[in-house]
Amino acid sequence: MPLFSSKFSPKKTPPRKAPVSLSNTNLSPKRLEKELGPEVGPIRICLGEMQAVFENGVWIPETGEIGGTFKENEILKKEIQQLEEENNLLKLKFEIVLDMLTEATAEGNLEKEEIERLRSQLSIKRAGT
């Protein structure tokens with residue numbers, strides 16, 4: 001019997017069964033409610049002394065030192081956003097008032113030139129008669 005004459009052929013593995021998940025099964029809403037409870041609610045986690053909740057795709061700390069800082073930062077972010085919106089509105093109003101002032105100044109200069117032209121015509125007529 002030769003030592004290296006046979007080819008290496010591993011055993012064929014049996015096909016795997018597809019895992020059963022909620023998306024593959026046809027569970028009615030009533031059955032889901034029975035399985036998971038009437039209201040699933042937000043996901044909460046506790047790591048040591050810190051608790052966090054998962055809302056709108058973000059982990060929000062609820063307790064501990066970080067929780068207080070996070071809430072304070074959220075309040076400050078809202079205030080910053082409000083002040084930026086107010087600043088943008090004031091910039092827009094300023095641009096409008098500046099445009100109105102420019103227009104009024106241009107009209108005033110045109111009227112002044114027209115008055116000077118009419119005065120010069122009037123003085124020429126008086127001098128000619």
Out of curiosity, [X] [atom1] to [Y] [atom2], how far, rounded to the nearest 0.5 Å?
{"X": "Asn109", "Y": "Glu107", "atom1": "CG", "atom2": "CD", "result": "10.5 Å"}
{"X": "Lys71", "Y": "Thr69", "atom1": "NZ", "atom2": "OG1", "result": "11.0 Å"}
{"X": "Ile80", "Y": "Asn87", "atom1": "CD1", "atom2": "CG", "result": "12.5 Å"}
{"X": "Phe70", "Y": "Glu62", "atom1": "CZ", "atom2": "CD", "result": "10.5 Å"}
{"X": "Glu103", "Y": "Leu101", "atom1": "CD", "atom2": "CG", "result": "10.5 Å"}
{"X": "Leu118", "Y": "Ser123", "atom1": "CG", "atom2": "OG", "result": "11.0 Å"}

For residues [X] and [Y], determine if any side-chain heavy atom of one lies less than 4.5 Å from a side-chain heavy atom of the other.
{"X": "Pro42", "Y": "Arg44", "answer": "yes"}
{"X": "Asn88", "Y": "Leu92", "answer": "no"}
{"X": "Ile43", "Y": "Trp59", "answer": "yes"}
{"X": "Ile45", "Y": "Leu47", "answer": "yes"}

Practice problem: State yes or no: do Leu76 and Leu83 share one hydrophobic cluster built from I, L, V, M, F, W and Y residues joined by side-chain heavy-atom distances below 4.5 Å, directly or via other members? | Solution: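 No; tracing contacts between hydrophobic side chains, which count when under 4.5 Å, never links both residues.
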
Exercise. Could you state whether Ile75 and Ile60 fall into the same hydrophobic cluster, counting links through intermediate Ile, Leu, Val, Met, Phe, Trp or Tyr residues with side-chain heavy atoms under 4.5 angstrom apart?
Key: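 Hydrophobic grouping puts Ile75 apart from Ile60.
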
Atom [atom1] of residue position [X] - does it have more than 12 heavy atoms of other residues, nucleotides or ligands inside 6.0 Å?
{"X": "Gln82", "atom1": "CD", "answer": "no"}
{"X": "Glu79", "atom1": "CD", "answer": "no"}
{"X": "Arg117", "atom1": "CZ", "answer": "yes"}
{"X": "Glu55", "atom1": "CD", "answer": "yes"}

Exercise. Give a yes or no on whether the backbone of Met50 and the side-chain of Thr63 come within a donor-acceptor separation of less than 3.5 Å.
Key: no

Self-check item: Steps toward salt bridge (Lys or Arg N to Asp or Glu O under 4.0 Å) verdict (Glu74, Lys77)
Solution: CA-CA 5 Å; Glu74 288 299 309; Lys77 284 179 187 177; 3.6 Å; yes

